[in-house]
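What follows is a set of notes on a single structure, which appears directly below.
Chain letters run A, B, ... following the sequence lines, proteins first and then strands; every chain starts at 1. Here the structure is a predicted model, which is why all the values come from computation and not from measurement.
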Amino acid sequence: MPESTPSAAKSPRVRFAPSPTGYLHVGGARTALFNWLFARHLGGTFILRIEDTDFERSSEEMVGGILEGMRWLGLDWDEGPFFQSERLALYKATAARLLESGHAYPCFCTKEELEQRRGEAAEAGRPLMYDRRCRRIPRAEAQARMAAGDPAALRFAVSESGSTSFDDAVFGRVEIANAEIEDFVLLRSDGIPTYHLSVVADDIDMRLTHIIRGADHISNTPKQVLQYRALGAELPVFAHVPLILGPDKTRLSKRHGATSVLAYKEMGIVPEAFRNFLALLGWTPGATKDANGKDREIFSPQELIERFTLGGISRSNAVFDNDKLAWFNAEYIRALPVDELSRAIQPFFEQAGLNAAPDRLLAVTPLIRERIRFLRDAVSVADFFFLPELAPYDPADLIPQKGDAALALRILQRAREVLGTSSFDHVALEQKLREAATALGVKTGPMFQPIRVAVCGRRNAPPLFETMAVLGRQVCLARIRQAEERLQSLG
RNA sequence: GGCGCUAUCGUCUAGGGGUUAGGACGUGAGAUUCUCAAUCUUAAAACCCGGGUUCGAUUCCCGGUAGCGCUACCA
């Protein structure tokens with residue numbers, strides 16, 4: 001199949017070519033990941049190329065964001081980043097070759113004229129393709145007009161008969177009648193190349209062997225094939241990747257929520273988890289059963305590289321499932337060594353304005369690691385460890401189910417006595433408090449609940465005894481005393 | 001509108017001419033438990049429709065439908 005063409009036998013060269021007209025979004029990130037995985041799998045070269053020929057919409061800021069996103073994801077590139085804005089000479093030379101060989105011609109139609117004609121065509125009949133009128137201008141006349149400084153764009157002269165096809169590594173053979181292909185613009189009248197020209201010129205110049213990109217490019221691939229032929233260049237293998245959709249099955253966009261890769265970083269997604277999730281969105285390693293005969297979902301970066309093939313890419317679009325991403329992330333968080341996880345969540349506390357001393361955070365981490373899906377969640381789960389003063393809570397929460405304020409008060413008083421004397425490790429605390437429960441004739445559930453709320457300021461919290469051990473005697477006693485006061489104020 | 005592509009549980013997918021159509025996320029129930037989580041068990045949940053080929057189609061072919069993409073002097 002396509003993967004075994006002559007060029008593929010050489011060390012493959014692939015690229016990710018984002019346009020800096022926006023941030024690095026998840027679709028782009030997945031395309032980048034597939035290219036990277038493919039290159040790493042085969043020991044090939046992964047190139048980063050910034051397609052910034054749309055000067056109006058491109059910005060340096062976006063370039064920075066894209067690079068940051070790539071680095072965060074751990075997608076290191078071997079060559080580049082190259083900027084198309086710095087390679088204009090190549091495109092002009094390529095355009096000149098096409099003009100000379102008769103594969104391209106100047107077009108003097110203005111943008112306004114074209115728009116008007118398109119509008120008329122839409123209203124009246126059918127084809128809103130360029131009518132090729134400038135193609136009929138005699139060569140001498142065209143040259144004269146160009147010499148006179150008449151602004152002209154350069155268009156590719158597409159054959160009016162026959163068809164153009166290519167073998168896509170994921171979609172198979174794609175064929176389209178040439179009559180359906182417009183005489184597309186190669187060079188704008190200001191001399192800046194369009195995407196159609198610059199991709200081909202660069203892909204040839206950079207000796208790319210495989211073009212792995214979004215399926216939204218499948219329709220204009222024939223335009224590129226035509227240019228490869230006209231330029232006498234060998235065709236790379238095309239592999240189009242289906243699109244990522246939002247929950248409403250339309251193309252993923254801002255209105256679906258976070259689409260910027262960096263937004264996921266800020267949420268506290270672990271890069272490896274994100275990669276694992278993205279890799280499985282539109283690609284499968286095939287059936288890979290684990291020891292229990294179930295298909296595996298978790299793959300280390302190395303396993304992903306080992307298993308990646310273009311053949312595993314699916315043909316249908318995929319909906320981005322935030323819940324599944326959260327699950328992947330939780331899995332990776334739980335697999336992280338405590339010290340690493342501790343360091344990973346540290347910045348989120350800082351960002352929240354909490355002073356989380358590293359050693360204390362390290363002690364807290366094992367207590368919360370099974371309770372967070374995103375790193376950022378650590379703050380809301382564990383803030384009470386670092387708050388000098390507990391945030392206000394409803395004193396009614398101190399009262400256990402099927403109990404009253406008097407009971408809660410008794411429990412808290414008894415707990416305070418125990419905590420005053422017990423050694424402060426979680427084993428001892430648990431033992432002493434259980435004994436106290438027995439002495440009071442209260443079950444452990446109702447017994448521990450008031451203490452939990454008093455100490456943590458909330459009903460749901462990490463395991464009580466470990467938590468108290470980390471908090472320390474002083475803090476626990478003070479918070480319990482405070483809780484008693486609140487209960488009394490309740491009346 | 002034209003052209004192209006696609007179609008298995010709600011979602012991501014495995015599979016493939018004869019299967020109890022498998023797994024994962026999510027959802028429901030239960031177990032465990034100091035709460036919440038985590039964990040374990042378990043349940044519900046799918047082959048878009050119509051023809052054809054065939055002894056037999058979810059699988060192969062054709063058509064329809066739907067969705068998506070392209071239809072710029074954007075990329």
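- Partners of K324(A) by salt bridge (charged side-chain N to carboxylate O under 4.0 Å, His left out), not counting sequence neighbours, listed by chain and number: E297(A).
- With R213(A) contributing its side chain and F238(A) its backbone, the two residues share no donor-acceptor pair below 3.5 Å.
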Quiz prompt | Footprint string (nucleotides 67-75 of chain B, 5' to 3'): B base within contact, S backbone only, - free, heavy atoms under 4.0 Å | solution = -SBS-SBBB
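- Across all strands, R296(A) comes closer than 4.0 Å to no nucleic acid atom at all (heavy-atom distances).
- In this structure S316(A) satisfies the side-chain hydrogen bond (donor to acceptor under 3.5 Å, both in side chains) test with no other residue, sequence neighbours excluded.
- Residue G282(A) is in sugar-phosphate contact alone, with no base atom involved, counting any heavy-atom pair closer than 4.0 Å across all strands shown.
- Residue contacts shown for F465(A) include a base, since a base heavy atom lies under 4.0 Å away.
- Using a 4.0 Å cutoff on non-hydrogen atoms, the parts of residues 367-375 of chain A near RNA chain B are E370(A), R371(A), R373(A), ordered by number.
- A cation-pi geometry, defined here as NZ or CZ lying under 6.0 Å from the six-membered ring centre and within 45° of its normal, does not hold between R275(A) and Y332(A).
- Checked against a 6.0 Å centroid threshold, the rings of F16(A) and W77(A) do not count as neighbours.
- Checking U35(B), C12(B), A14(B) against every side-chain atom of T284(A), the shortest atom distance belongs to A14(B).
- Residues of residues 424-443 of chain A having a heavy atom closer than 4.0 Å to RNA chain B, listed by number: R434(A).
- The residue A318(A) sits close only to the backbone: its heavy atoms come under 4.0 Å of sugar-phosphate atoms, none of a base.
- As judged by a 4.0 angstrom heavy-atom cut-off over every strand, P242(A) is placed among residues making no nucleic acid contact.
- What separates CG of L252(A) from C1' of C12(B) is a distance of 15 Å, to the nearest Å.
- In this structure, W283(A) atom CH2 and A24(B) atom C1' are separated by 15 Å, rounded to whole Å.
- For the pair K294(A) NZ and A24(B) C1', the computed distance is 9 Å after rounding to whole Å.
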With a 3.5 Å cut-off and sequence neighbours excluded, list the donor-acceptor pairs that the side chains of residues 174-183 of chain A form with protein atoms.
residue: E175(A); atom: OE2; partner: S163(A); partner atom: OG; Å: 2.7
residue: N178(A); atom: OD1; partner: T164(A); partner atom: N; Å: 3.4
residue: N178(A); atom: OD1; partner: T164(A); partner atom: OG1; Å: 2.5
residue: N178(A); atom: ND2; partner: S161(A); partner atom: O; Å: 2.7
residue: E182(A); atom: OE2; partner: Y130(A); partner atom: N; Å: 2.7
residue: D183(A); atom: OD1; partner: R132(A); partner atom: NE; Å: 3.2
residue: D183(A); atom: OD1; partner: R135(A); partner atom: NH1; Å: 3.3
residue: D183(A); atom: OD1; partner: V158(A); partner atom: N; Å: 2.9
residue: D183(A); atom: OD2; partner: Y105(A); partner atom: OH; Å: 2.6
residue: D183(A); atom: OD2; partner: R132(A); partner atom: NE; Å: 3.4
residue: D183(A); atom: OD2; partner: R135(A); partner atom: NH1; Å: 3.0

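- Across the P atoms, G67(B) and U11(B) are found 15 Å apart, a figure rounded to whole Å.
- F274(A) and F320(A) have perpendicular rings, their planes meeting at more than 60° on a 0 to 90° scale where under 30° would count as parallel.
- By the 4.0 Å N-to-carboxylate-O rule, E417(A) lies close enough to R414(A) to be salt-bridged with it.
- With rounding to whole Å, R315(A) atom CZ is found 12 Å from U8(B) atom P.
- Under 4.0 Å is where a charged nitrogen must lie from a carboxylate oxygen, and between D203(A) and R49(A) at least one such pair does.
- As rounded to whole Å, 14 Å separates atom P of U13(B) from atom CG of N276(A).
- Across all strands shown, A43(B) is found opposite U27(B) as a Watson-Crick or G-U wobble partner, with both distances under 3.5 Å.
- Rounded to whole Å, atom C1' of G23(B) lies 7 Å from atom CD of E297(A).
- Using a 4.0 Å heavy-atom distance criterion, P462(A) is classed as a base contact.
- Of the candidates C36(B), U13(B), C5(B), the closest approach to any side-chain atom of V174(A) belongs to C5(B).
- Nearest to the side-chain atoms of W327(A) among the listed nucleotides C25(B), U39(B), U13(B) stands C25(B).
- Atom CG of N329(A) and atom P of G26(B) are 13 Å apart (whole Å).
- Heavy-atom distances to RNA chain B give each of N460(A) and K324(A) a nearest nucleotide, and the one nearer the 5′ end belongs to K324(A).
- Listed nucleotides: U6(B), U35(B), A38(B). Nearest to the side chain of R334(A): A38(B).
- Distance check on atom P: A7(B) versus A14(B) gives 10 Å, rounded to whole Å.
- Under a cutoff of 6.0 Å and an axis angle of 45°, R145(A) and F108(A) form a cation-pi pair.
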